[in-house]
Amino acid sequence: MSVPPDKAREALGLFNAQGQPTYKWGLTSTNLADQVRLVLPPMKVLPVIFIPGIMGSNLMDLNGDEVWRLDTTFGKPLGLARKMAFANSAERQRLMHPARTRVDPGGSVPSKIKGSVSNKSQYSTQRFWGEVAESSYHGFLLWLEDRLNGQGFNPARWNDFSYLAFSAAPKPGERPPEPKLHPGIPMDMRGFNPSTYADTRGENPFSVLGGVTSDDLLKRAKFRMPVYACGYNWLASNTIGAERLQERIEQVIKSNNGNGFKCEQVVLVTHSMGGLVARRCVSLPGMSEKIAGIVHGVMPAVGAAVAYRRCKVGMKDESYVAGLVIGSNGQEVTAVFSQAPGALQLLPTAEYRAKWLKVKDASGKEIEVQPTQNPYDDIYLRRDRWWCLIREEWLRPAGGRPLSWDQFASNIKESRSFHKQIQGQYHPVTYVYYGADSKHASFETIRWKMRAGAKPDNKPAPSADQVRNMRFDQVRDDGSNPLHVGGKTEVVTSYNPYGGGAYSTYQSSYWELEAEKQDGGGDGTVPISSGKAPLLSASNNGHIRQQFRMTGFEHEPSYQNASAQLATLYSINKIAAAAKLSS
């Protein structure tokens, strides 16, 4: 029986392991005689590659055993939490060294089939999603795969975009005609207005390209946009991560050139430190041309002061649960960070806000302000003041794999070189979103406050000037907050009249040196000043096409926020509209 084309149903192509389009359709009754139209995908391919943040890639040792596996139980990485909660400084140092670890591709992958994926195994074998944290990223990657590849190839049917249009009603019993999107139409993006979030430079709104137009969508519709991931060893230098990303970009481009399809470029979407990896990758020979554009999410563009603080007092007073994994005290954090160039590259750079480290006396007067020249020489490589970055004996925890001061200093120098290499460097087509939320307080500066302690004796307390000039060996410090000047651990015994006794302890001291809590807004990790730095960089050469100042999310789960997701989708549309489209 002949069926008019407007009565036909559509089957969208999925892709098999050989990169060939395949079609699946359930058998129906012979009474249903309507046609099924097999819709061929676009022959141009513009892949999207996601790069996670620090600690967002799974790692294993050189024997293939799990070191840092972020698979979830009840939505949380409970296995990793149990493992790390009982690991002391020495165990962390032995386990988590860049030369003894590598990316683990064997993490969990989603069971849902979305977009152009035809089989669950493709998430791990072709898309590399098993390399990145399940709880942090898989939900977003599924959403993005569906948005870019699961809504057909007619942009007039894409649910995220709309415009006011009028058309004649179909005759009774007839389907509406296939909608058609015409060029030159400003489009509304449901749930996202870019002007609402547009960042500013001075007093003028910064909006180079405005909103999405039908021309953008028509251009994007010429591409298939499969979503990939690229993990990296976040303990090693981000230059090594950039070289791995380079290999992944070339691999993805090659794999999408075949069966009549053509791929020349990719789009990068980054989270946090992944943005530093991508910026370094752009500067590698020939890579800028292979990248159509980059979306940076919550990137610590010029570092984050919280990295210094965690090396001093750990993460326990920021988040007790996260501290169990990352390090509850300064000794646990230092044991890993000091030997990990990638982690050290998150420290504030020379571009970070001035005078971000302060020591205040008991009245609140600032008695020490650093850096005066640069943070590397003034804070990170100094060994003569208690407020400097590294307490040297923590490089050698009992039972660990000792790190010498020279090895640590070499890692700092490598970080300094890396910071110079990416300073002001952004891909020519760059979009940025960052957190600027007062409800998610962040460390713009680190402030040490002197506070009178429980005096151990009647001797006069050291002066504020003496305290600021004290060496490491003159301050008692077990890696927790606060530090102490003088005194000792005091034991108090209380007796029960019915027998037995109880013991409690406290720290006596002339002064307590407390690392104060957050002093600014952001996303809980990256402060506003670092998040907005790309647009303000004097050397970005206009490469920041649009930058979005946003609220409502914390750092690690930012890509689970609906507004952040839509900002990313918006940016990808603009990048696709500017991508190469050769014949």
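Please read all numbers here as calculations on a predicted model, not as lab measurements.
- Checking side-chain atoms of D71 against main-chain N and O of S108 turns up a donor-acceptor pair under 3.5 Å.
- Counting only distance, with no hydrogens or angles, the side chain of S214 and the backbone of L181 share no donor-acceptor pair below 3.5 Å.
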Should E134 and T72 be marked as a side chain to side chain donor-acceptor pair (under 3.5 Å) after you check the CA-CA gap, both sets of side-chain angles, and the distance that decides it?
CA-CA 7 Å; E134 178 183 5; T72 63; 3.2 Å; yes
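- Looking at K219, its side chain does come within 3.5 Å of a backbone N or O of A579 through a donor-acceptor pair.
- Of all non-hydrogen atoms in A340 and N411, the two that sit nearest each other are N-ND2, 4.4 Å.
- Using a 30° and 60° split on the angle between ring planes, W234 and W68 fall in the perpendicular class, above 60°.
- If you look at F223 and F153, their ring centroids are not closer than 6.0 Å.
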Apply the test side chain to side chain contact (heavy atoms under 4.5 Å, CB included) to residues V117 and N149: give CA-CA distance (whole Å), side-chain angles for both, the deciding distance (0.1 Å), then the verdict.
CA-CA 9 Å; V117 174; N149 304 289; over 6 Å; no
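- Side chains of S571 and Y433: a donor-acceptor N/O pair is absent below 3.5 angstrom, by distance only.
- Atom OG1 of T349 is separated from atom CD1 of I422 by 7.5 Å, given to the nearest 0.5 angstrom.
- Side-chain contact between P534 and Y426: present, with at least one pair of heavy atoms (C-beta onward) separated by less than 4.5 Å.
- Under 4.0 Å is where a charged nitrogen must lie from a carboxylate oxygen, and between K532 and D199 no such pair does.
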Pair M299, Y434 - check side chain to side chain contact (heavy atoms under 4.5 Å, CB included), show working.
CA-CA 7 Å; M299 176 175 57; Y434 69 96; over 6 Å; no
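- Distance alone, capped at 3.5 Å, places no donor-acceptor pair between the S57 side chain and the G231 backbone.
- Taking the six-membered ring where tryptophan is involved, the planes of Y376 and Y380 are perpendicular, since the angle between them exceeds 60° and thus also 30°.
- At least one donor-acceptor pair under 3.5 Å links the side chain of N233 to the backbone N or O of T101.
- In this structure, the ring of H296 has its center no less than 6.0 angstrom from the ring center of Y431.
- Note on ring orientation: taking the six-membered ring where Trp is involved, the planes of H271 and Y137 are perpendicular (angle over 60°, cut-offs 30° and 60°).
- Remark: R220 qualifies as a cation-pi partner of W158 under the 6.0 Å distance and 45° angle criteria applied to the six-membered ring.
- Residue L276 comes nearest to A301 through the heavy atom pair CD2-O, 4.5 Å, listed as atom of the first residue, atom of the second, then distance.
- Counting heavy atoms from C-beta on, the side chains of F553 and H440 never come closer than 4.5 Å.
- Residues E444 and R353 form a side-chain contact, since some pair of their non-hydrogen atoms from C-beta on lies under 4.5 Å apart.
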With side chain to side chain donor-acceptor pair (under 3.5 Å) as the criterion, how do Y228 and Q126 come out once you've worked through the C-alpha distance, each side chain's angles and the decisive distance to 0.1 Å?
CA-CA 8 Å; Y228 296 79; Q126 295 178 38; over 6 Å; no
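- The shortest side-chain heavy-atom distance between N256 and P47 falls under the 4.5 Å cut-off.
- Between L347 and Y352 the shortest side-chain heavy-atom distance does not fall below 4.5 Å.
- D104 places a side-chain N or O within donor-acceptor distance of the main-chain N or O of G106, the cut-off being under 3.5 Å.
- How far CD1 of I294 is from CD1 of I575: 8.0 Å, rounded to the nearest 0.5 Å.
- Between W143 and Q565, some side-chain heavy-atom pair lies under the 4.5 Å cut-off.
- Salt bridge annotation for R127-E145: present, with a cationic side-chain nitrogen under 4.0 angstrom from a carboxylate oxygen.
- Of all heavy-atom pairs between A533 and V302, the closest is CB-CG1, 4.0 Å.
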Begin from the C-alpha positions of L268 and I249 and carry the test side chain to side chain contact (heavy atoms under 4.5 Å, CB included) through to its verdict.
CA-CA 9 Å; L268 302 183; I249 290 170; 4.2 Å; yes
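- Of the possible polar contacts, one joining the N119 side chain to the S121 backbone as a donor-acceptor pair under 3.5 Å is found.
- A centroid separation of 6.0 Å or more is found between the aromatic rings of Y123 and F128.
- For the pair N58 (side chain) and G130 (backbone), a donor-acceptor distance under 3.5 Å is present.
- Remark: L46 CG to K222 NZ distance equals 13.5 Å, nearest 0.5 Å.
- Taking SG from C281 and CD1 from I49, the interatomic distance works out to 9.0 Å, rounded to the nearest 0.5 Å.
- Nearest heavy-atom pair, Q421 versus T239, reported as atom, atom and distance to 0.1 Å: OE1-OG1, 3.9 Å.
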Could you walk me through whether M189 and L569 satisfy the side chain to side chain contact (heavy atoms under 4.5 Å, CB included) test, starting with their C-alpha distance in whole Å, then the side-chain angles of each, then the deciding distance to 0.1 Å, before giving a yes or no?
CA-CA 10 Å; M189 190 170 181; L569 181 62; 3.8 Å; yes
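- Here the shortest heavy-atom pairing between P348 and P375 reads O-CG, 3.6 Å.
- S237 contributes no side-chain N or O that, together with a main-chain N or O of G342, makes up a donor-acceptor pair within less than 3.5 Å.
- Taken from OG in S272 to NE2 in H555, the straight-line distance is 3.0 Å, to the nearest 0.5 Å.
- Counting only distance, with no hydrogens or angles, the side chain of Y559 and the backbone of G139 share no donor-acceptor pair below 3.5 Å.
- Using a 4.5 Å heavy-atom threshold, the side chains of H427 and H543 count as separate.
- The distance from the CD atom of E554 to the CG atom of N561 is 11.0 Å, given to the nearest 0.5 Å.
- The two residues V103 and P105 have their closest heavy-atom pair at O-CD, 3.5 Å.
- Remark: E131 engages R248 in a salt bridge, criterion side-chain N to carboxylate O under 4.0 Å.
- Between T525 and V306 the shortest side-chain heavy-atom distance falls below 4.5 Å.
- Aromatic pair Y197/F548: centroids not less than 6.0 angstrom apart.
- Between K290 and E250, at least one side-chain N (NZ, or NE/NH1/NH2) sits under 4.0 Å from a carboxylate O, which counts as a salt bridge.
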